[in-house]
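Following: one structure in structure tokens, then a few remarks.
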Amino acid sequence: MNITLPDGNVRQLPQGATALDLANNISKSLAKVSIAARIDGELRDLTLPLHDGAKVAIITRDMPEALEIIRHDAAHIMAEAVQALYPGTQVTIGPAIENGFYYDFARDTPFTPEDLEKIEAKMRQIIAADKPFTREVWDRNKAIQHFESIGEKYKAMIIQDLPQTETITIYRQGDWYDLCRGPHLPSTGKVGNGFKLMRVAGAYWRGDAKNAQLQRIYGTAWRNETELKTHLTQLEEAEKRDHRRLGREMELFHLQDDAAGSIFWHPHGWTLYRTLENYIRARIQHDGYVEVKTPQLVNSSMFMKSGHWDMYGDKMFRVILDEETMFGIKPMNCPCHVQVYNQGMKSYRDLPIRMAEFGSCHRNEPSGSLHGIMRVRGFVQDDAHIFCREDQVMAESLKYCAMQMKVYEDLGFPTENVNIKLALRPDVRGGTDEVWDKAEDGLRKALTAAGMKFEEIPNEGAFYGPKIEFHLTDAIGRVWQCGTLQLDFVLPERLDANYIGEDGNKHRPVMLHRAMLGSMERFIGIMIEHFSGKFPLWLAPLQVVVAGITNDMDEYTHEVLAACKAAGLRADIDIRNEKINYKIREHSLKKVPLMLVVGKKEAENKTVALRRLGGESQEVISLADAIAKLKQEAKTPLEK
RNA sequence: GCUGCUGUAGCUCAGUGGUAGAGCACGUCAUUGGUAAUGACGGGGUCGGAGUUUCGAUUACUCUCAGCAGCACCA
């Protein structure tokens with residue numbers, strides 16, 4: 001039979017030959033490192049017989065697909081180890097994930113960290129035994145019956161839910177076997193030693209909190225021990241960038257038990273916050289927005305009208321005045337903005353109205369979801385609502401997306417750091433299907449017109465409309481939703497917003513909800529991690545430290561400081577009785593971008609020694625030149 | 001909210017059924033120095049909170065609060 005290789009070459013092999021035979025046919029050394037095959041585009045076992053005319057690519061250990069298979073195999077081996085050590089534990093699912101794998105087990109007693117060590121040791125035994133993985137095709141009903149009979153109820157359920165057309169395959173490694181689509185490595189030994197069990201956690205069966213909670217064990221797995229080590233080192237490095245740690249070290253903010261989920265901003269952190277806020281303010285002014293400020297405390301009746309009370313009332317902070325009066329602390333700004341809109345008559349000529357607010361919101365987020373300043377209970381949205389006519393939706397969406405990407409770029413997140421998703425209608429929602437069709441299509445068209453790559457995610461939209469989500473990733477790979485654009489036909493209806501059209505009749509405006517940073521707090525957290533605290537000069541809370549070498553030139557040091565401040569630089573002075581090495585180390589650790597060192601020579605010549613953070617050398621220039629230069633460098637992206 | 005783990009000085013952490021220790025940080029003194037740690041001395045803790053057992057609890061147990069990881073949630 002003829003087999004086509006990726007390079008187009010055709011090889012002749014006897015009937016019944018496998019991908020492994022093919023690899024051997026090509027070269028012995030290839031066969032040694034091959035672990036699977038891509039047959040007609042699908043990953044398959046090396047030991048499956050090929051068919052005539054198949055297109056086959058041999059997957060070797062160094063290919064990305066290999067890692068996925070290694071991780072999946074590690075999950076199987078872990079499951080065997082767990083069932084050997086803890087009889088009665090049921091297996092459920094165990095996929096490969098980014099950097100590793102996990103397996104969910106059903107067991108009444110949770111696993112302890114000590115259990116993990118034992119499981120890992122057992123896994124190494126199974127790997128050392130180098131048991132071959134073999135594939136078997138089972139009859140669907142027999143498989144269900146079999147798994148039920150041995151008490152593996154979850155496996156039986158999984159098979160039951162597989163489509164009728166799916167072939168039921170079982171993979172065996174020695175005496176142990178598991179339902180699995182495959183493919184697998186030729187044998188357990190091929191997994192190698194580049195893995196480590198990381199942690200235990202609870203996880204709901206099928207990801208639903210209404211279901212039983214399973215015990216999930218996470219592991220990381222790599223091609224070899226060197227790669228594993230590299231990964232573990234990267235994790236340590238990421239920890240050093242953690243915004244919670246840098247926030248403390250750089251004196252940006254702190255959190256404490258008494259106000260769980262709220263932030264105490266310190267002077268440096270608040271400077272950073274205001275710099276960011278002012279940048280956004282300048283941006284939106286430039287794009288024709290007006291800024292408003294609306295109440296924190298709003299009678300619950302407004303949220304009942306808007307529909308938020310039904311959806312989220314239990315997560316709102318409430319202020320009960322008397323038996324009849326209950327206020328909610330606003331969890332978002334939209335209903336309030338509609339109130340501002342509703343004051344006075346609006347003409348079609350007034351639209352679009354782009355109404356912005358740095359809106360302070362509070363939500364009683366579940367305790368387990370709180371995370372540093374990224375997920376908090378008190379936060380500020382760089383929020384805005386664009387009230388417009390239907391025929392303006394496209395233009396407004398495009399205008400917004402353009403500004404959004406520009407802002408991310410200015411803040412150090414070029415396009416490749418941003419993931420865009422289009423979240424479609426959820427099960428529980430307001431508005432008719434017709435309206436949703438229109439809304440979803442509107443956003444889809446806008447994204448396409450803007451030439452932006454996006455992924456559609458079903459069921460993830462807000463109750464009043466679909467949304468475009470802009471996602472950024474933090475230091476340890478966690479993904480956070482920041483910017484958003486939501487198209488809403490529902491709230492204007494519920495809160496009775498209208499305008500007088502060209503025809504003299506009342507019409508409903510469309511509302512575009514949008515935020516670029518999302519929450520100021522979250523965005524600052526992401527920026528801290530993104531820059532490892534080393535902010536671009538215009539954002540750095542403290543831009544310059546003027547440090548004297550000895551106290552003899554204190555007078556000149558003060559002169560330099562005054563010049564910095566006069567130029568609008570955020571500057572501080574260090575004339576402590578410490579050595580210059582000590583001062584440089586200290587301010588470097590606090591990530592101050594610039595230091596102006598002055599000693600005897602500088603004082604005599606009216607110069608400064610300019611040292612940049614992390615720099616090896618320094619530049620001696622006149623004070624006047626230095627100030628002019630830094631003033632230019634410290635300009636915001638909008639000023640440049 | 002759920003599962004597991006954790007909570008001792010500002011930070012990182014050690015330790016014990018008989019009222020606690022290190023390094024760094026902080027303070028004082030000496031030192032006035034050229035680009036990532038000068039030296040000496042010193043101060044500092046109701047051992048997250050409440051309760052139970054005990055002659056005695058920071059240590060054991062219960063409850064509670066908070067944090068961490070994951071899951072779920074995220075208008």
Side-chain angles (χ1 to χ4, degrees), chain A residues 102 104 109-113 115-116 198-218 242 244-245 248-249 251 254-261 303 306-316 330-335 361 363-372 375 379 381 383 426 430 460-465 467 469 476 478 480-481 484 486 488 491 513 518-519 522 547-554 575-589 595 597-602 609-618 620:
Chain A
Y102 68 78
D104 285 348
T109 334
F111 296 106
T112 64
D115 291 337
L116 286 198
M198 302 297 278
R199 60 179 72 92
V200 214
Y204 300 106
W205 167 240
R206 289 187 166 144
D208 190 333
K210 289 194 277 288
N211 291 338
Q213 195 164 37
L214 308 168
Q215 305 293 323
R216 174 174 298 180
I217 302 179
Y218 280 95
D242 193 305
R244 293 164 292 188
R245 177 186 179 135
R248 186 182 58 237
E249 288 174 0
E251 300 174 71
H254 86 270
L255 301 155
Q256 68 184 56
D257 294 3
D258 311 80
F303 298 113
S306 71
H308 287 91
W309 194 268
D310 278 349
M311 292 294 295
Y312 301 106
D314 56 330
K315 287 199 177 146
M316 278 176 60
K330 77 169 167 186
M332 25 84 247
N333 310 297
C334 4
C361 297
R363 297 176 185 175
N364 194 1
E365 301 283 10
S367 57
S369 69
L370 300 181
H371 180 83
R375 186 82 185 267
F379 58 97
Q381 293 177 320
D383 204 2
E460 298 287 323
F463 73 86
Y464 49 72
K467 53 181 181 173
E469 299 177 354
I476 48 178
R478 277 186 280 218
W480 299 91
Q481 183 195 309
T484 180
Q486 304 168 12
D488 179 6
L491 275 189
H513 305 239
S519 117
R522 171 177 303 174
I549 290 179
T550 73
N551 289 108
D552 294 341
M553 56 280 312
D554 280 0
I575 49 173
R576 290 174 303 169
N577 175 10
E578 295 292 350
K579 289 189 172 180
I580 195 65
N581 281 328
Y582 182 88
K583 295 181 184 180
I584 285 167
R585 177 181 156 80
E586 201 173 89
H587 300 299
S588 296
L589 287 174
M595 285 190 74
V597 178
V598 298
K600 210 170 168 185
K601 283 180 279 179
E602 287 79 9
L610 171 61
R611 186 201 155 92
R612 292 173 191 275
L613 178 57
E616 303 262 303
S617 60
Q618 61 283 342
V620 180

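In what follows, every heavy atom counts, from backbone to side chain, and hydrogens, waters and symmetry copies are set aside. Lettering of chains follows the sequences in order, A, B, ..., and the numbering in each one begins at 1. Predicted, not measured: the structure shown is a model, and the values here were computed from it.
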Gln486(A) and Thr484(A): side-chain donor and acceptor closer than 3.5 Å?
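Judged by distance alone, the side chains do pair up.
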Measure the distance from [atom1] on [X] to [atom2] on [N] and round it to the nearest whole Å.
{"X": "Asn364(A)", "N": "A75(B)", "atom1": "CG", "atom2": "P", "value": "15 Å"}
{"X": "Trp309(A)", "N": "A75(B)", "atom1": "CH2", "atom2": "P", "value": "18 Å"}
{"X": "Asp104(A)", "N": "C2(B)", "atom1": "CG", "atom2": "C1'", "value": "14 Å"}
{"X": "Tyr312(A)", "N": "G1(B)", "atom1": "OH", "atom2": "P", "value": "19 Å"}
{"X": "Asp115(A)", "N": "U3(B)", "atom1": "CG", "atom2": "P", "value": "18 Å"}
{"X": "Arg375(A)", "N": "A69(B)", "atom1": "CZ", "atom2": "C1'", "value": "16 Å"}
{"X": "His371(A)", "N": "A66(B)", "atom1": "NE2", "atom2": "P", "value": "18 Å"}
{"X": "Gln381(A)", "N": "C74(B)", "atom1": "CD", "atom2": "C1'", "value": "11 Å"}

Under 4.0 Å from OP1 or OP2 of U6(B): is there any side-chain N or O of Arg199(A) that close?
no
Side-chain N or O of Ser367(A) less than 4.0 angstrom from OP1 or OP2 on G1(B)?
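Yes, because at least one side-chain N or O of Ser367(A) sits under 4.0 Å from OP1 or OP2 of G1(B).
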Pairwise [atom1] distance for [N] and [M], with rounding to whole Å:
{"N": "G42(B)", "M": "G70(B)", "atom1": "P", "value": "45 Å"}
{"N": "G7(B)", "M": "G49(B)", "atom1": "C1'", "value": "11 Å"}
{"N": "U64(B)", "M": "A69(B)", "atom1": "P", "value": "23 Å"}
{"N": "G18(B)", "M": "C13(B)", "atom1": "P", "value": "25 Å"}
{"N": "U46(B)", "M": "C65(B)", "atom1": "P", "value": "23 Å"}
{"N": "G45(B)", "M": "U58(B)", "atom1": "C1'", "value": "11 Å"}
{"N": "A60(B)", "M": "A72(B)", "atom1": "P", "value": "34 Å"}
{"N": "C74(B)", "M": "G4(B)", "atom1": "C1'", "value": "23 Å"}

Could you work out which one of [options] sits closest to the side chain of [X]?
{"X": "Tyr464(A)", "options": "U3(B), C73(B), A75(B)", "value": "A75(B)"}
{"X": "Ala209(A)", "options": "A72(B), A75(B), A69(B)", "value": "A72(B)"}
{"X": "Tyr204(A)", "options": "A75(B), C2(B), G4(B)", "value": "C2(B)"}

Which residues pass the ring-ring contact (aromatic ring centres under 6.0 Å, His included) test with His308(A), sequence neighbours left out?
Phe463(A)
Got a salt bridge between [X] and [Y], using NZ or NE/NH1/NH2 to carboxylate O under 4.0 Å?
{"X": "Arg611(A)", "Y": "Glu616(A)", "result": "no"}
{"X": "Glu578(A)", "Y": "Arg576(A)", "result": "no"}
{"X": "Arg206(A)", "Y": "Asp208(A)", "result": "no"}
{"X": "Arg375(A)", "Y": "Glu365(A)", "result": "yes"}

Measure the [atom1]-[atom2] distance between [X] and [Y] for me, rounded to the nearest 0.5 Å.
{"X": "Ile549(A)", "Y": "Ile580(A)", "atom1": "CD1", "atom2": "CD1", "answer": "5.0 Å"}
{"X": "Lys583(A)", "Y": "Ser588(A)", "atom1": "NZ", "atom2": "OG", "answer": "13.5 Å"}
{"X": "Tyr312(A)", "Y": "Met332(A)", "atom1": "OH", "atom2": "CE", "answer": "10.0 Å"}

For nucleotides 32-37 of chain B, read 5' to 3', which letter fits each nucleotide if B means a protein heavy atom sits under 4.0 Å from the base, S means only the sugar-phosphate is that close, and - means neither?
BBBBBB
So which nucleotide does [N] pair with, by the Watson-Crick or G-U wobble rule with both distances under 3.5 Å?
{"N": "G4(B)", "answer": "C68(B)"}
{"N": "G17(B)", "answer": "none"}
{"N": "G42(B)", "answer": "C26(B)"}
{"N": "C63(B)", "answer": "G49(B)"}
{"N": "C73(B)", "answer": "none"}

Sub-3.5 Å donor-acceptor pair from the side chain of Asn211(A) to the main-chain atoms of Trp205(A), do we have one?
yes
Classify the nucleic acid contact of [X] as base, sugar-phosphate or nothing, counting any heavy atom under 4.0 Å across all strands shown.
{"X": "Tyr102(A)", "answer": "nothing"}
{"X": "Phe111(A)", "answer": "nothing"}
{"X": "Lys315(A)", "answer": "base"}
{"X": "Arg248(A)", "answer": "sugar-phosphate"}
{"X": "Lys467(A)", "answer": "sugar-phosphate"}
{"X": "Pro366(A)", "answer": "base"}

If you take atom types as modelled and just measure distance, does the side chain of Gln213(A) reach the base of C2(B) with a donor-acceptor pair under 3.5 Å?
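Looking at the base of C2(B), it does pair with a donor or acceptor on the side chain of Gln213(A) (distance under 3.5 Å).
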Using the closest heavy atom to pick a nucleotide of RNA chain B for each, name whichever of Gln215(A) or Val200(A) lands nearer the 5' end.
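That would be Gln215(A).
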Between Arg216(A) and Gly372(A), who's closer to the 5' end of RNA chain B by nearest nucleotide?
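In this pair, the answer is Gly372(A).
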